[in-house]
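What follows is a short report on a single structure.
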Amino acid sequence: MGNRSANPQQVQADDQSSGHLPRVPIIISGRPARRTLAACERELTQYKAMERRLRDALAEREARLRQKDELIRRQELLKRESDHRLLNELQMTISLLSLQSRGATNAEAASQLAVAANRVAMIARIHHRLNCYEGVQTIEFRKFLEDFGLDFSAMVSSHERPEQVVVEGIEINLPVATAIPLGVIASELITNAAKYGKSRITIRLEPDPEYGYALSVSNDGPALPEGFDPAASAGLGMRIIQSFVRQIAGVLRCGRGDDGEGARFTVRFR
């Protein structure tokens, strides 16, 4: 008995010879326990150091986020102030042009000044409309055209000639980079349609099999002459349209309206 207790290897060998399952010898000693405790203490120290580093990194990140939020807030304030000043300056420009138009002795000069005032007014309205979509990445363009058409009708209509702007077709979401120049194009086309039409302007937004989409503006005025080339036009409005069409990599086409009446200008774009 004394020998078996003193020799674990002998115990293991005897168990195997007797047919019993071998038993793992248990050695009770203080050294492994002390090593395990020391390892736990080291791990705990490492975890505490890691926690401090994580807390420091989190605090630094929160400080950076606060700085970014403050910068964004200041930029938004500057943008609102800039937009407010721009609208005020546009309104001042409109007033000065209108005043000069009424005071001009030359009929042609008065007419051109009035046209310039109306053009600046339309730009101000577009800017105001687009500000309603502040913070968005895309614009529901048909709704934008409908709202713009209502503004235009209210501005140019009179008792003798009520102007009606009708928007037809699909609703599409356009990125702001496309919607802004296309809005200016629509403004110029609508102004041109009102100038030469009678009382009805039709805006149509529809799919285009080659380019993707097509925006057309037509009126009920005289038909365009055969062979009319918008690129050869010397008018300021048509030059503005051509410039913004190139900006959105589009194509401008013109022709007669439905049933061969009136004029229709179509911008095909992606």
Side-chain angles (χ1 to χ4, degrees), residues 86 90 94 115-133 136-156 163-197 200-221 224 228-257 262-270:
L86 175 60
L90 288 174
I94 295 167
V115 168
N118 288 334
R119 181 165 285 128
V120 175
M122 295 307 297
I123 292 174
R125 286 179 178 272
I126 291 174
H127 183 76
H128 175 71
R129 280 291 175 194
L130 291 174
N131 277 342
C132 296
Y133 299 94
V136 301
Q137 299 297 321
T138 60
I139 293 176
E140 296 177 348
F141 200 66
R142 172 170 173 166
K143 184 179 185 305
F144 170 81
L145 292 173
E146 290 173 345
D147 294 340
F148 182 76
L150 291 174
D151 287 346
F152 184 85
S153 298
M155 185 178 71
V156 302
E163 199 74 40
Q164 182 184 13
V165 179
V166 179
V167 181
E168 301 175 347
I170 63 174
E171 176 65 276
I172 57 175
N173 292 327
L174 294 179
V176 175
T178 302
I180 292 177
L182 197 61
V184 177
I185 292 170
S187 168
E188 290 294 332
L189 289 175
I190 293 170
T191 301
N192 190 66
K195 179 179 179 181
Y196 296 103
R200 180 182 174 88
I201 300 172
T202 302
I203 307 171
R204 185 172 293 124
L205 195 59
E206 56 192 353
D208 183 86
E210 182 179 354
Y211 277 80
Y213 301 103
L215 169 69
S216 63
V217 177
S218 57
N219 65 6
D220 53 0
L224 284 175
F228 176 79
D229 183 8
S233 176
L236 176 60
M238 194 56 62
R239 292 203 302 271
I240 292 174
I241 292 171
Q242 294 277 5
S243 174
F244 280 103
V245 167
R246 288 192 296 270
Q247 180 176 328
I248 62 173
V251 174
L252 178 65
R253 295 287 184 264
C254 63
R256 297 183 178 182
R264 174 180 293 159
F265 288 84
T266 302
V267 180
R268 304 165 71 188
F269 64 95
R270 293 179 173 82

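- When every heavy atom of Arg142 is checked against every heavy atom of Glu171, the shortest pair comes out as N-OE1, 2.9 Å.
- Taking the side chain as every heavy atom from C-beta outward, Leu189 and Val267 approach each other to under 4.5 Å.
- A distance of 12.5 Å separates CG in Asn219 from NZ in Lys195, rounded to the nearest 0.5 Å.
- For the atom pair CD (Gln137) and CG (Asn173), the distance works out to 12.0 Å, reported to the nearest 0.5 Å.
- In this structure Phe141 satisfies the ring-ring contact (aromatic ring centres under 6.0 Å, His included) test together with Phe144, sequence neighbours excluded.
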Val167 vs Leu205, test: side-chain contact (heavy atoms from CB on, under 4.5 Å). Steps then yes/no. CA-CA 8 Å; Val167 181; Leu205 195 59; 5.8 Å; no
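- Side-chain contact between Asn192 and Ile241 is absent, with no heavy-atom pair separated by less than 4.5 Å.
- Scanning both residues, Leu174 and Ala179, for their nearest heavy atoms gives CB-CB, 4.2 Å.
- Note: Gln247 CD to Leu182 CG = 10.5 Å, rounded to the nearest 0.5 Å.
- With hydrogens and angles disregarded, a donor-acceptor distance shorter than 3.5 Å links the side chain of Ser153 to the backbone of Gly149.
- Summarising the geometry of Thr178 relative to Ile248, their closest heavy-atom pair is O-CG2, 4.3 Å, with the distance given to 0.1 Å.
- The side-chain hydrogen bond (donor to acceptor under 3.5 Å, both in side chains) test applied to Glu206 returns no partner, not counting sequence neighbours.
- Not counting sequence neighbours, Gln242 has no partner by the side-chain hydrogen bond (donor to acceptor under 3.5 Å, both in side chains) test.
- Scanning for side chain to side chain contact (heavy atoms under 4.5 Å, CB included) contacts around Tyr213 gives Ile170, Ile172, Phe269, with sequence neighbours left out.
- The backbone N or O of Gly183 lies less than 3.5 Å from no partner atom in the side chain of Ser187, so there is not a single donor-acceptor pair.
- Side-chain contact between Met238 and Leu252: present, with at least one pair of heavy atoms (C-beta onward) separated by less than 4.5 Å.
- Counting heavy atoms from C-beta outward, Ile190 and Phe148 have side chains that approach closer than 4.5 Å.
- Here the shortest heavy-atom pairing between Thr266 and Ala214 reads CG2-CB, 4.0 Å.
- Partners of Asp151 according to the side-chain hydrogen bond (donor to acceptor under 3.5 Å, both in side chains) rule, which considers only residues two or more places apart in sequence or in another chain, are Arg129.
- With sequence neighbours excluded, the residues that form a side-chain hydrogen bond (donor to acceptor under 3.5 Å, both in side chains) with Arg268 are Asp208, Glu210.
- Taking 4.5 Å as the limit, some side-chain heavy atom of Phe152 sits within range of a side-chain heavy atom of Ile201.
- Closest approach of Glu168 and Arg200 over heavy atoms only: OE2-NH2, 4.3 Å.
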